[in-house]
There are 2 protein chains.
Amino acid sequence: MEKIEIKSERFDNMVEMIQKYGGCPVRATLKIIGGKWKPLILYFISVDVNRFGQLQRMMPDCSKRMMTVQLRELESDGLVHREIFAEVPPKVIYTLTTKGESLRPLFGELSRWGIQNVLEPQQIEPNNSGTSGELV
Amino acid sequence: MEKIEIKSERFDNMVEMIQKYGGCPVRATLKIIGGKWKPLILYFISVDVNRFGQLQRMMPDCSKRMMTVQLRELESDGLVHREIFAEVPPKVIYTLTTKGESLRPLFGELSRWGIQNVLEPQQIEPNNSGTSGELV
DNA sequence: AGCATTGGTAACAGTTTGGTAACTAGTAGA
DNA sequence: TCTACTAGTTACCAAACTGTTACCAATGCT
């Protein structure tokens, strides 16, 4: 039975945070943005592709059902706002909430890291193995 | 059939990136760090909790099998390095690779966003719904 | 009457991910 | 001889996530 001494100068003590909040904050974020189509949906809404049908045409591999499911989750997590117009045929527009907008810098970094470390293969280290296959 | 005009001043044209790399870079990153125990494992390794058994004692809810699975994926994705000592009883130590280290700032932001927007409930907006339940 | 339009649902099937419990090897110490 | 130690593996099961197909309503157009 050894005592583990954690050096916590870098990001400060995660164990305390987990106990305080009842969970890992990184994981909490990932649960919200981790849906297969969510990053892309958020991106498109952010550039004003804001109607259901438009989103579908931009992401033809995402089925209607998945589009609905993901949009509803984003809505209930407070990242997007759904406005319904009482017209026929129906009209619904999606916009980012403030919370949704606040993800921008994060997505910028996630994107940059992904390009540098996953999508661009020109690395000196012989690291061609790993999780591959379809990415979206 | 309408033409969709995307205003792309903010993060520049994602559609081009997806076509160039064959996938969404954000999603690519999330696939690598998204495993249930990966953020925590990476964190603990980063603070020198670097042996299998130590990791297990720090994360008692992660079973042996899951620990192995996640560690092997992290290894094959090039985020952690696994060094085996030919001793009895066996000794293996895990360390972050350069690629693994490069995740630090990203994890910092993911953590901050999670605390502010998910784990801390004190918000003015009445946004108490959403994905909840166990976080780790 | 018949078709197109938009923004969905419902029922179901398949895939991926996570979890449990039992078992392993080789050596040291009681 | 029996137990403990470390770092796993194997077989199997359950839950979560994603995908397919068919269907709906209200109106306008031909």
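Every value quoted in this text rests on a predicted model; they were computed, and no experiment measured them. All chains are named by letter (A, B, ...) in the order of the sequence lines, taking the proteins before the strands, and each is independently numbered beginning at 1.
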In whole angstroms, the gap separating C1' of D/dA7 from CZ of B/Phe52 amounts to 6 Å

Is the shortest side-chain N/O distance from B/Gln70 to OP1 or OP2 of C/dG18 below 4.0 Å? yes

Checking all strands, does B/Val92 fall into the base, sugar-phosphate, or nothing category for heavy-atom contacts under 4.0 angstrom? sugar-phosphate

Report yes if some heavy atom in the side chain of A/Pro25 is under 4.5 Å from a heavy atom in the side chain of A/Met14; otherwise report no. yes

When you match B/Ile93 and A/Cys62 each to their closest nucleotide on DNA chain D, which lands nearer the 5' end? B/Ile93

Under 4.0 Å, heavy atoms only, any strand: does A/Phe85 hit a base, just the sugar-phosphate, or nothing? nothing

CE of B/Met17 to NZ of B/Lys20, rounded to nearest 0.5 Å, is 9.5 Å

Mind calculating the distance between CD (B/Glu83) and C1' (D/dG8) to the nearest angstrom? 18 Å

Do B/Val69 and B/Trp37 come within less than 4.5 Å of each other through their side chains, counting heavy atoms only? no

Applying a 4.0 Å non-hydrogen cut-off, can you work out what B/Arg51 is touching in the nucleic acid: base, sugar-phosphate, or nothing? sugar-phosphate

B/Leu71 atom CG is separated from C/dG18 atom P, nearest whole Å, by 13 Å

Is there a path of hydrophobic side-chain contacts, each under 4.5 Å between heavy atoms, that joins B/Phe85 and B/Val80? no

A/Met59 CE to D/dG19 P, in whole Å, measures 10 Å

Taking the nucleotide of DNA chain C with the nearest heavy atom to each, does A/Thr68 or A/Pro90 sit closer to the 5' end? A/Pro90

Length of the line joining B/Leu40:CG and C/dG18:C1', which is rounded to integer Å: 16 Å

State whether B/Arg82 places a side-chain N or O below 4.0 Å from either non-bridging phosphate oxygen (OP1 or OP2) of D/dG8. yes

Nearest-angstrom distance from the residue atom NZ of A/Lys38 to P of D/dA16: 15 Å

Hey, mind stepping through A/Tyr94 and A/Glu75 against side chain to side chain donor-acceptor pair (under 3.5 Å) and telling me if it holds? CA-CA 9 Å; A/Tyr94 292 93; A/Glu75 192 192 358; over 6 Å; no

So, does the side chain of A/Arg65 form a donor-acceptor pair with the base of D/dT21 at under 3.5 Å? no

By nearest nucleotide on DNA chain D, pick out whichever of B/Lys64 and A/Met66 is the more 5' one. B/Lys64

Return the value, rounded to whole Å, for the distance between atom CG of B/Leu55 and atom P of D/dA7. 9 Å

Could you state the atom-to-atom distance from CZ of B/Arg72 to C1' of C/dT17 in whole Å? 18 Å

